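First comes the structure, then the notes that go with it.
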Amino acid sequence: MNKDTLSMGRIDYINASPVYYGLDHGLLPAWITMTDGPPAVLNRMIRRGDLAISPISAGFYGCHHRDLLVLPDLSISCNGPVLSVILMSNSPIEKLHNKKVVLTEDSATSALLVRLIFAEHKVTPVFVTGKMRHPEDIPVDAEAVLVIGDAALTQPWDDFFDLRMDLGKLWYQSTGMPFVFAVWVVRRDFAAQHPERVALALDLFLQSRHQGYENIGAVIDRGVARLNLDRCLIERYYQVLLCDLDSPKIHALELFFQRLYMHGLFNEQVKVELFQP
Ligand SMILES: C=C(O[C@@H]1C=C(C(=O)O)C=C[C@H]1O)C(=O)O
């Protein structure tokens, strides 16, 4: 087995830190290379084959499931508010017909969830995709913006908009279910050629996450230092963020895909297919 060439991705937000804790503290073997990036960059890289395994947007998996398998028991999810995926708006959803809504270019899942929520409300805004990491990025004529990740936690969006809608909370209110933002995937071609390497990598992730939760105080300290935010907020963030993928989450993800299909946002019905170690 050539152990030199497993390229992996890492979402460069603090949300994935518990999963990478062990890998960052000695578990990472020399035969794995790690590339950091926002979700949309990792989505593109795995599609091109530049990465073999990566966390990616769950919505992107839905669009490209024929080329990808989901790694068991890993995700970035919530079961209620998530704090870091927010639609900031000057009007409630019903009043946004024909208004400009900017979707951050860093996202795929949350952008699809926003489109779905509007479709379910029968409201048709003018969606544009753009950089949305800082209030300076807000176009003057934007009535609402979708922001995700560290930028959602750190920037003073409330100074620019009247309403903050937490997308994890909106989904929970409409379904009573968890919501899965990101899944870890492996390219099917890579898994077929190197199943044992994928099984090893999966095992490393599970060990790494275990160490992350054993050392959650250190994970929180790092988050506080990196984002320069109040410790209570970061503590709460890691309580609401869930990093497993149990069957209720798989069902919830398939419900999301089904609703996207019903509203014409997906052109087929998608089931989650897992890598079997
Ligand atoms: C909870 C989050 O989940 C993320 C949202 C994603 C998306 O919208 O495509 C992808 C990966 C996750 O990082 C977040 O970024 O805040």
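Order of appearance sets the numbers: ligands from 1, and atoms from 1 within every ligand. All figures in this text were calculated on a predicted structure; none of them were measured in a lab.
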Quiz item: Is it the case that R115 places NZ or CZ above or below the six-membered ring of F127, under 6.0 angstrom from the centre and within 45 degrees of the axis?
Solution: yes
Quiz item: For atom 16 (O) of ligand 1, what is the nearest protein heavy atom, given as residue, atom name and distance?
Solution: S84 OG, 2.5 Å
Quiz item: Do the numbers put R259 on top of the ring of W171, so that NZ or CZ is under 6.0 Å from the six-membered ring centre and no more than 45° off the axis?
Solution: yes
Self-check item: Residue-ligand contact A108/ligand 1, heavy atom below 4.0 Å
Solution: yes
Quiz prompt | Closest approach of any protein heavy atom to atom 9 (O) of ligand 1, naming residue and atom | solution = S57 OG, 2.6 Å
Quiz item: Using a heavy-atom cut-off of under 4.0 Å, does the side chain or the backbone of I11 touch ligand 1, or both, or neither?
Solution: side chain
Quiz item: Going by the angle between their ring planes, with limits at 30° and 60°, are F60 and H64 parallel, tilted or perpendicular?
Solution: tilted
Quiz item: Counting only heavy atoms, which portion of F60 has something under 4.0 Å from ligand 1: side chain, backbone, both, or neither?
Solution: neither
Quiz item: Judged by modelled atom types alone, do Y237 and S84 share a side-chain donor-acceptor pair under 3.5 Å?
Solution: yes
Self-check item: Parallel, tilted or perpendicular: rings of F257 and Y61 (30°, 60°)
Solution: tilted
Quiz prompt | Protein contact to atom 5 (C) of ligand 1 [nearest heavy atom, distance to 0.1 Å] | solution = F181 CB, 3.8 Å
Quiz item: Short list, please: which atoms of ligand 1 are under 4.0 Å from a heavy atom of S110?
Solution: 5 (C), 7 (C), 8 (O)
Quiz item: Does atom CZ of F275 have more than 12 heavy-atom neighbours from other groups under 6.0 Å away?
Solution: yes
Quiz item: Which one of D203, D244, D73 satisfies the salt bridge (Lys or Arg N to Asp or Glu O under 4.0 Å) criterion with R209?
Solution: D73
Quiz item: In ligand 1, which numbered atoms sit nearer than 4.0 Å to a non-hydrogen atom of V85?
Solution: 1 (C), 2 (C), 14 (C), 16 (O)
Quiz prompt | Single hit among T104, L103, T109 for side-chain contact (heavy atoms from CB on, under 4.5 Å) with V114 | solution = L103
Quiz item: For Y13 and ligand 1, does the shortest N/O to N/O distance drop below 3.5 Å?
Solution: no
Quiz item: Which of the atoms of ligand 1 are close to P39, meaning less than 4.0 Å from one of its heavy atoms?
Solution: 10 (C), 11 (C), 13 (O)
Quiz item: For atom 15 (O) of ligand 1, what's the nearest protein heavy atom and its distance?
Solution: N15 ND2, 3.3 Å
